[in-house]
Protein chains: 2
Amino acid sequence: MKEITLGIDIGGTNTVFGAVDLEGKCYFEGRIRTQDFKSFTEFVAELRFAIDKHIGTLDFSHQILGIGVGAPNGNFYTGSLDLAPNLPWKGKVEVAKEFKAQFDLPVWVTNDAKAAAIGEMMYGAAKGMRDFLVITLGTGLGSGFVVNGNLIYGHDGFAGEFGHVIVSHDGRECGCGRHGCLETYASATGIKRTVYKQLADSLKPSSLRSVSFDLLSADMISKAAEAGDEVAIQAFEYTGQILGSKLADVVHIFSPEAIILFGGLAKAGELILAPVKHHMELNLLPIFRNKVKVLPSGIHGSNAAVLGAAALAWKELGFSVK
Amino acid sequence: MKEITLGIDIGGTNTVFGAVDLEGKCYFEGRIRTQDFKSFTEFVAELRFAIDKHIGTLDFSHQILGIGVGAPNGNFYTGSLDLAPNLPWKGKVEVAKEFKAQFDLPVWVTNDAKAAAIGEMMYGAAKGMRDFLVITLGTGLGSGFVVNGNLIYGHDGFAGEFGHVIVSHDGRECGCGRHGCLETYASATGIKRTVYKQLADSLKPSSLRSVSFDLLSADMISKAAEAGDEVAIQAFEYTGQILGSKLADVVHIFSPEAIILFGGLAKAGELILAPVKHHMELNLLPIFRNKVKVLPSGIHGSNAAVLGAAALAWKELGFSVK
């Protein structure tokens with residue numbers, strides 16, 4: 001018999017799912033469009049239908065033990081989503097309850113960044129570590145902080161909003177309604193804003209001058225930097241300076257073994273890792289210097305989010321990877 | 001038979017010790033002068049002598065189960081002190097090893113702020129809580145962060161240096177050699193510096209104009225504020241603004257049930273609690289507002305440090321208060 005868990009990542013555009021064994025092998029992967037469903041119940045029913053089709057392709061020796069769900073604002077304690085922007089369902093969505101009703105399996109819910117942290121712990125760059133921080137650099141900045149082998153959920157499940165620590169009280173406008181949050185600088189969106197600021201402030205030539213804000217992506221900024229574009233290189237340096245300095249603050253609080261950068265902007269590799277590490281080290285007390293690793297995600301391929309969600313289920317079922 | 005643990009707090013001037021039962025009752029308390037001993041071995045021998053005299057006054061039904069030690073830079077994992085400023089012994093001091101040799105009992109070591117956090121959890125304001133933060137406002141700013149009932153020691157035991165997160169890179173000179181650390185603003189020393197800055201910047205009359213920097217204490221600033229001294233009141237407001245804003249950052253990371261202020265400056269009560277809470281709330285995302293308690297220490301009297309150190313021993317022995 002082969003035991004597997006289902007990992008489900010609910011995103012603003014697509015919901016990706018897959019079946020994963022304890023060693024992180026993915027047996028199938030599929031997706032449905034999140035935005036196509038006006039009610040969450042319809043959405044879960046369609047997801048059940050899509051997953052059943054895949055399960056039909058496996059032989060009968062597979063047993064599904066549980067379901068892990070990663071979703072924006074997913075709350076581990078309540079199993080619900082509160083006020084999730086970008087999702088079509090408003091108000092409180094009872095994720096765990098509706099999945100249990102549909103699948104009759106144990107279900108655990110958390111947000112995408114915390115699922116990523118558990119994925120890194122079981123299958124990625126944090127394998128064997130007990131104290132580390134995962135920072136996801138996508139549209140926003142998410143975080144999953146692990147202490148003594150366990151995620152910090154906080155008193156009510158809302159811990160990990162590192163994207164909303166303040167860089168500067170008179171800083172950039174944030175989607176949360178405040179100003180100067182870290183994610184307005186350190187994220188795929190943040191580096192776009194930095195590029196546009198530099199295009200405004202300087203007269204440096206740049207291939208990015210021909211790209212509109214709407215079309216500009218972190219990937220285009222990486223490619224420009226690799227081709228020697230000074231504005232793009234400076235944007236990575238500035239992003240690294242701000243993120244590195246804030247990571248130094250959390251190193252003083254947590255003294256972690258490693259900090260792992262995950263998600264869209266982190267795919268830029270050394271372009272972002274090098275300035276982050278440099279500026280983090282510049283801001284550390286001597287007892288912390290040259291001890292904390294800054295690593296790229298150790299989970300590769302398109303199924304990182306599915307692996308993270310499945311890892312949540314494995315962890316909560318009491319399993320760990322040898 | 002009455003089971004007790006010994007709590008020992010090694011301070012720059014005095015070392016205080018006491019015997020504490022699981023309910024937090026203190027059976028005796030004494031002190032020796034830390035600075036009188038050139039070698040740590042001599043110090044521990046004298047401490048043994050002093051403690052034995054007290055134990056002689058107890059009847060034979062008392063059994064000592066273990067020793068908890070709080071000391072500047074005390075490392076829980078190694079049981080040693082590294083580079084402790086203000087202590088007469090230089091280099092690495094093997095605290096746990098030397099205590100074990102002298103007392104033949106299990107010994108646990110941590111720094112004073114972490115011991116305070118365990119004390120609050122067992123006997124004080126955090127009784128029954130599993131997620132809370134303790135901030136000690138003394139000469140510097142120390143911190144003990146508790147997640148899911150356990151202290152964060154970090155990968156190597158050095159976690160909890162919240163006093164050295166950066167308020168402003170071009171801020172006040174810190175004893176650590178850097179600039180703008182939180183403890184240069186939010187501590188008994190920090191508020192003195194704030195008073196002096198205000199005495200320089202403004203022409204406001206103040207009773208504190210007659211006091212030298214060396215003689216000025218947090219207690220004098222409290223008394224002046226209570227008497228309506230505007231400079232002193234403003235100094236508390238400014239301290240609360242800086243500390244409250246940084247506490248908002250850690251609330252986003254930890255989502256704790258409470259933040260407990262401990263130590264010299266915290267004795268000012270509402271003078272410091274009110275502005276801290278006000279500015280913390282101003283800087284929180286909506287999901288965190290009006291949820292996190294800001295409390296004064298729940299441990300009263302001179303034996304707070306002894307209780308914290310003894311609580312460390314009780315916790316590590318596997319006991320908890322009902």
Side-chain angles (χ1 to χ4, degrees), chain A residues 73 75 77 82-83 129-133 143 145-169 174-182 241 245-246 248-258 279 282-288 291-293, chain B residues 73 75 77 82-83 129-133 143 145-169 174-182 241 245-246 248-258 279 282-288 291-293:
Chain A
N73 287 9
N75 187 306
Y77 292 133
D82 297 310
L83 308 166
M129 294 186 191
R130 296 184 62 76
D131 297 278
F132 64 93
L133 316 178
S143 62
F145 291 177
V146 174
V147 168
N148 210 17
N150 290 307
L151 258 174
I152 300 184
Y153 289 109
H155 169 236
D156 51 6
F158 291 115
E161 291 291 348
F162 184 54
H164 294 280
V165 304
I166 300 294
V167 172
S168 158
H169 287 279
C174 183
C176 75
R178 306 182 309 158
H179 282 81
C181 295
L182 180 56
Q241 181 186 337
S245 156
K246 283 292 168 186
D249 281 353
V250 289
V251 167
H252 288 92
I253 294 172
F254 288 99
S255 195
E257 181 172 352
H279 289 283
L282 278 181
N283 286 286
L284 290 176
L285 282 179
I287 50 162
F288 297 112
K291 282 163 77 176
V292 184
K293 297 167 205 144
Chain B
N73 286 9
N75 187 306
Y77 291 133
D82 296 310
L83 308 165
M129 293 186 193
R130 298 185 59 77
D131 296 277
F132 64 93
L133 317 178
S143 62
F145 290 176
V146 173
V147 169
N148 209 15
N150 291 305
L151 258 175
I152 300 183
Y153 289 110
H155 170 235
D156 51 6
F158 291 115
E161 291 290 350
F162 185 54
H164 294 281
V165 304
I166 300 295
V167 172
S168 158
H169 286 281
C174 182
C176 75
R178 305 183 309 157
H179 282 81
C181 295
L182 179 57
Q241 182 185 340
S245 156
K246 285 292 170 187
D249 281 353
V250 292
V251 167
H252 288 91
I253 294 173
F254 288 99
S255 195
E257 181 171 353
H279 289 283
L282 278 183
N283 286 286
L284 291 177
L285 282 179
I287 50 164
F288 298 112
K291 282 164 77 175
V292 183
K293 298 167 204 146

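This structure is a prediction, so every number in the text was calculated from the model and none was measured. In what follows, chains carry the letters A, B, and so on, assigned in the order in which the sequence lines appear, proteins first and then strands, with residues in each chain numbered from 1.
When heavy atoms are compared at a cutoff of 4.5 Å, A/Ser168 does not approach chain B at all. Both the backbone and the side chain of A/Phe158 come within contact range of chain B, with heavy atoms under 4.5 Å apart. Interface remark: B/Arg178 contributes side-chain atoms only to the contact with chain A (heavy atom separation under 4.5 Å). When heavy atoms are compared at a cutoff of 4.5 Å, A/Asn283 approaches chain B by way of both its backbone and its side chain. Contacts of B/Leu182 with chain A are absent, with no heavy-atom separation under 4.5 Å from either backbone or side chain.
Note: A/Leu285 leads A/Leu285, A/Ile152, A/Val292, A/Val147 in heavy-atom pairs under 4.5 Å with chain B. Ranked by non-hydrogen atom pairs under 4.5 Å with chain A, the options B/Cys176, B/Ser143, B/Gly160, B/Ala248 are led by B/Gly160. For the options B/Asp82, B/Asn150, B/Ile166, heavy-atom pairs under 4.5 Å to chain A are most numerous at B/Ile166. The choice from A/Tyr153, A/Phe288, A/Phe162 that makes the most heavy-atom pairs within less than 4.5 Å of chain B is A/Phe288.
Looking at B/Val250 and A/Ile253, their side chains come closer than 4.5 Å, going by heavy atoms from C-beta outward.
Contact between B/Pro256 and A/His155 at its shortest, heavy atoms only, is C-CB, 3.7 Å. Scanning both residues, B/Ala159 and A/Ser255, for their nearest heavy atoms gives N-CB, 3.6 Å.
Taken from CZ in A/Phe145 to CZ in B/Phe254, the straight-line distance is 8.0 Å, to the nearest 0.5 Å. In this structure, CD in A/Glu257 is found 9.5 Å from CG in B/Asp156, a value given to the nearest 0.5 Å.
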